[in-house]
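In what follows, a structure is listed as structure tokens, so that the remarks can point back to it.
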Amino acid sequence: MRILLFGRLSASLGREIELDLPGPRTVADVRRELARLYPHSAQEIVASRARPCINDAMTSEEAVVEPADEIAFLPPLSGG
Amino acid sequence: MTFVARLVHAPFVPDRELARFLEEIADAGAVASCIGLARARSRAGTPVSGLFLDHHPRLTLSSIEEIVDGAARRFGLTGALVVHRCGAIKPGEAIVLAAAAAAHRRAAFEAADYVMDRLKSEAVFWKREDGLAGSEWIEPTDEDRHDLARWSLSCPE
């Protein structure tokens, strides 16, 4: 699945990560896997207030993510 | 009726955009506009060498379109324009132009004010200030929240 990161998350992890997670997983699973792969940013990923968004729709931690989905983590907005 | 929201990656000339908007609108008795500029100093007073406005490839523009649409419905506008920068912005450059056209001036003034308040808090951007002392990611301030509350709206968490 394709992971998109913005703002301060993008500064530490880059804009885009391709994650090879078999089978449907929840958003919380994806966060945990990212924290495992990027331990230096684990706190930001797991405990962050970044809201999850699957295929451009805001969602919850329990939502299921399919391998073909795009999941974006949106840190608190600054506005324009 | 002309309702336009644009996201631009390079400097733009606000008066040229406004002139084009004035040519396109019809049935308006008044147009009010606001230009937001990149400041040379942070809120703490330290020099800022530049801003970076990070954006989402689709959600950012749709959030601006939603704000324009909300203003059009709330104030009965005959036209509205928002041109918003993203990416690297230098101090003194225009970040945003918001213009509202209405039959009467009060609606135009209020709509421009409303659009700016919502853009400052709800538009899907992540703002970083760069300076000699380093870089800092900015979040909405209490002042921004207070401004938004004037319209009975609250900041997204």
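In terms of hydrophobic clustering, with Ile, Leu, Val, Met, Phe, Trp and Tyr side chains grouped at heavy-atom distances under 4.5 Å, B:Leu37 and B:Leu18 are assigned to a common cluster. Linking ILVMFWY residues whenever their side-chain heavy atoms come closer than 4.5 Å, directly or via other members, places B:Met116 and B:Phe125 in the same cluster.
The shortest heavy-atom contact between B:Leu59 and A:Asp56 is CD2-O, 3.6 Å. For the residue pair A:Gly80 and B:Ala123, the shortest heavy atom distance occurs at N-CB, 4.2 Å. The two residues B:His55 and A:Arg15 come nearest to each other via the heavy atoms O-NH2, 4.1 Å. Heavy-atom minimum distance, A:Gly7 versus B:Trp126: CA-CB, 3.6 Å.
Looking at B:His56, both its backbone and its side chain come within 4.5 Å of chain A, counting heavy atoms on both sides. There is no contact between B:Arg128 and chain A, counting heavy-atom distances below 4.5 Å. No part of B:Val96 comes within reach of chain A, as not one of its non-hydrogen atoms sits under 4.5 angstrom from that chain.
Counting heavy-atom neighbours within 6.0 Å of B:Arg58 CZ, excluding the residue itself, gives a total above 12. Surrounding CZ of B:Phe52 are more than 12 heavy atoms belonging to other residues, nucleotides or ligands, all under 6.0 Å away. The local environment of CZ in B:Arg16 is sparse, with at most 12 non-hydrogen atoms from other residues, nucleotides or ligands closer than 6.0 Å.
Under the side chain to side chain contact (heavy atoms under 4.5 Å, CB included) criterion, B:Ala28 pairs with B:Ile25, B:Thr78, B:Ala101, not counting sequence neighbours.
Side chain of B:Ser121 to backbone of A:Gly79: no donor-acceptor contact under 3.5 angstrom is found.
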